[in-house]
Novice: 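Sharing a structure with you now.
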4 protein chains.
Amino acid sequence: MNADAVIDRATAQRDRILCAARRCFIDHGFHAASMASIAEVADMSAGLIYRYFDSKNAIILAIIERQLADKRADIAELQPGTDFAQGVRDLVARWRSGDVRTMNPTLLLEMSALASRDPQIAAALCEADRVTRSDFATWLVQRAASSGVKIDADAAQTRAFALQCLIEGLAVRIVREPGMSDHMLADMLAMNLPVVIG
Amino acid sequence: MNADAVIDRATAQRDRILCAARRCFIDHGFHAASMASIAEVADMSAGLIYRYFDSKNAIILAIIERQLADKRADIAELQPGTDFAQGVRDLVARWRSGDVRTMNPTLLLEMSALASRDPQIAAALCEADRVTRSDFATWLVQRAASSGVKIDADAAQTRAFALQCLIEGLAVRIVREPGMSDHMLADMLAMNLPVVIG
Amino acid sequence: MNADAVIDRATAQRDRILCAARRCFIDHGFHAASMASIAEVADMSAGLIYRYFDSKNAIILAIIERQLADKRADIAELQPGTDFAQGVRDLVARWRSGDVRTMNPTLLLEMSALASRDPQIAAALCEADRVTRSDFATWLVQRAASSGVKIDADAAQTRAFALQCLIEGLAVRIVREPGMSDHMLADMLAMNLPVVIG
Amino acid sequence: MNADAVIDRATAQRDRILCAARRCFIDHGFHAASMASIAEVADMSAGLIYRYFDSKNAIILAIIERQLADKRADIAELQPGTDFAQGVRDLVARWRSGDVRTMNPTLLLEMSALASRDPQIAAALCEADRVTRSDFATWLVQRAASSGVKIDADAAQTRAFALQCLIEGLAVRIVREPGMSDHMLADMLAMNLPVVIG
DNA sequence: AATGAATGAGCCTTCATTCAT
DNA sequence: TATGAATGAAGGCTCATTCAT
């Protein structure tokens, strides 16, 4: 049993816990999800969780951090030629299918609501949103430049902001009307995206 | 003390409770808000609340229903000549000022998250969203007609849908970045609203 | 149900809890005594205790405060002609009989041990000991004065200090050797008390 | 690795554990001290402790036994010409300095309180106190004899008893009033010791 | 109509102890 | 011999809900 194995073990356990917690938080909400339920889903005793996380709150924070890291990674992988309308439609499809690797829209809402009460979470989300907006604005500028077009930095920020609103608005919509017709969704995107990302 | 007075009394009490609950739910979230805290804000005993509501859940439902009714009323009052960009900016300003008569954005998120767990709430929200979208689509068609323009019913629905996304996306933004600059907000609206509401 | 009755009720409940807690603390120690066991002895639900005390620690503090008040009252009632040796023998007898109105020696030890860890308790005990020592020193001076003897204030303090040591030492002894012979006890007091209280 | 080495190893380990436990028990009390904290201070894993002690309780018992053995050894080393007042003042100084080789006063109180609950501990303490009292009484008789004075055996027992009370009373005092002035302490001893040990 | 005392279930967390390695 | 992951049983505390008054 070498050091790597130990690290892997611990990492795997933390991951098991975070996945289980994510599932529970989505299913019952942060407050209603009990440590016992998380332990059950993670298939371990409740006490063991505390070997890997200081508290229930620490788990929430860890989940938030992981989501943010994933989001940044997604933006970093954006290609200049990406078909954005298709990308957003794919995102919605992943939301609907409950894909584990994608930010869950219900979790997004709950995390956001939490931010209005917990300063630590508020700071984390606010900073992360600023960063991802800048990341995306930079991408917009570069993509335009590669087409010989010059975009003002402020304008790029505003467009990135608009995209955040659009995507998060969609997330709310999907949660409130999961059966929303694909047709209307596509039409809406076709109408809005051009002014947002050109 | 005639029957009307009794009804008024009961209605007033229910209202006191709902206002207090709204305040507590915004401040602490549905789950973290205790019946005791609601009773304290409503300036009555905890036990008395149960004379007017069956359970804490019933209060949540009542609040949701009231919010939906308010929203429909707002749409019904829309004038054909309304300046929409200004209207949305005013809405955001009311959000920020914590106006009591306006749907609170944090509450919006929490309610929406709740919908993904409680079928009753899900049905209520879904139906209400459909209705308000239709209300607004109708308004769009009529406004266009009064300008001699004919809008397709489907197109109107799509535009109403886009507006829902935009406003709810803004709500998420305001909760996550309360300090968001008015400037960027105005720019974003100036960019998006024309394609949405013409 | 007037205000007095409410106050009486609350006071009676607090008393029930304190008595039960005292019993449990003596029987199992502060840490080992569970809120559940206290509730059972007090014949009420565990949750109800929290209507009258903020926490388990608050109960400990309340017990300490009550003991101190009792001790001061005892000193205040001292008569100039009191037979001290007899008084101390009576005290030991009450210790042995488990009299509820007398400071329990085991509790004395546990409270004292607690003081070396909890600053709040430490401060309370330290201050109380100073006060009761002064009370007793004053009594010594006055008793001597009434016999036409003048005692130096410092000397009186030292004698009061000695009496504290003697009585607390006896408490330790009684706890460790409950079967200690009355004879040796009386002899020891006859030997020591004269130099302490004259 | 011969048998002696194995024994030494085991003894050393037991000692490490007992020292660590003593430290933890003094700092947090028997109950509040966790096996994990003892293991950490002893610089070993929690599980390993169970190779040397059956349970946490067994550790407590071992510590008590060791303290008793130490005390007897101290008495055995008493010289006829010892300056007792000085000796007691030194003892108090060691208490205050937290000397590791001296019975800690807080531990003394906690051990004593434990005796009123655990018959095994009660018996051990009671017997040990009787033995040390006899040891000391014998020393008193011999010292007197070496000065040509004859002391009655019962009287010697009573004096030894008085000394136990005095010292344990001092221990309580030191725990409850750590800042106690050296001056008053010396005065008190000067007043009491002569009648106790002559 | 109104109070608030009372309950009981459940929550987060800790910890002595065991055991596979 | 030694580790530390794992468990399960409490423990302190909160809270929605009920009910006698």
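Order of the sequence lines sets the chain letters (A, B, ...), proteins ahead of strands, with each chain counted from 1. Quick note: numbers below take in every heavy atom, side chains included, and nothing from hydrogens, waters or symmetry partners.
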Novice: Identify, between F30(A) and G47(B), the residue whose nearest nucleotide on DNA chain E lies closer to the 5' end.
Specialist: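 Its nearest nucleotide lies further toward 5', so the answer is G47(B).
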Novice: dT17(E), dG4(F), dT17(F): which one has an atom nearest the side-chain heavy atoms of M35(D)?
Specialist: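 It is dT17(E).
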Novice: Taking side chain as C-beta onward, heavy atoms only, is F25(A) less than 4.5 Å from M111(A)?
Specialist: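 No. Closest side-chain heavy atoms not under 4.5 Å.
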Novice: Would you write the dot-bracket representation of DNA chain E, where each base gets (, ), [, ], | or . depending on whether it forms a Watson-Crick or G-U pair under 3.5 Å and with which partner?
Specialist: .||||||||||||||||||||
Novice: Regarding A39(D), tell me which of base, sugar-phosphate or nothing describes its non-hydrogen contacts under 4.0 Å with the strands shown.
Specialist: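 No contact.
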Novice: So M103(C) and D70(C), do their side chains get closer than 4.5 Å, heavy atoms only?
Specialist: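 Counting from C-beta outward, D70(C) and M103(C) never come under 4.5 Å.
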Novice: More 5' along DNA chain E: S34(A) or Q13(C), using each one's nearest nucleotide?
Specialist: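 Closer to the 5' end of DNA chain E: Q13(C).
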Novice: Is R176(D) salt-bridged to E127(C), cutoff N-O under 4.0 Å?
Specialist: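 A salt bridge is absent here (no side-chain N lies under 4.0 Å from a carboxylate O).
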Novice: Using a cut-off of 4.0 Å on non-hydrogen atoms, how would the nucleic acid contact of A33(B) be classed: base, sugar-phosphate, or nothing?
Specialist: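 It contacts sugar-phosphate atoms only.
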Novice: Can you list everything that forms a side-chain contact (heavy atoms from CB on, under 4.5 Å) with R16(A)? Sequence neighbours excluded, please.
Specialist: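 By the side-chain contact (heavy atoms from CB on, under 4.5 Å) rule, R16(A) matches Q13(A), D43(A), M44(A).
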Novice: Between H31(C) and A46(D), name the one whose nearest nucleotide on DNA chain F is closer to the 5' end.
Specialist: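 It is A46(D), whose closest nucleotide lies nearer the 5' terminus.
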Novice: In the structure I gave you, are the side-chain heavy atoms of R22(C) and V100(C) within less than 4.5 Å of one another anywhere?
Specialist: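 When only atoms from C-beta onward are counted, V100(C) and R22(C) do touch, with a gap below 4.5 Å.
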Novice: Checking D27(D) against T106(D) for the side-chain contact (heavy atoms from CB on, under 4.5 Å) test, could you report, in this order, the C-alpha distance in whole Å, the side-chain angles of both residues, the deciding distance, and whether it holds?
Specialist: CA-CA 9 Å; D27(D) 289 345; T106(D) 302; over 6 Å; no
Novice: Mark yes or no for whether K56(C), through its side chain, and S34(C), through its backbone, hold a donor-acceptor pair below 3.5 Å.
Specialist: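 Here the side-chain-to-backbone pair does not exist.
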Novice: Below 4.0 angstrom, which residues in residues 50-57 of chain D have at least one non-hydrogen atom near DNA chain E?
Specialist: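 Y50(D), S55(D), K56(D) - these, ordered by number, are the residues of the stretch whose heavy atoms sit under 4.0 Å from the strand.
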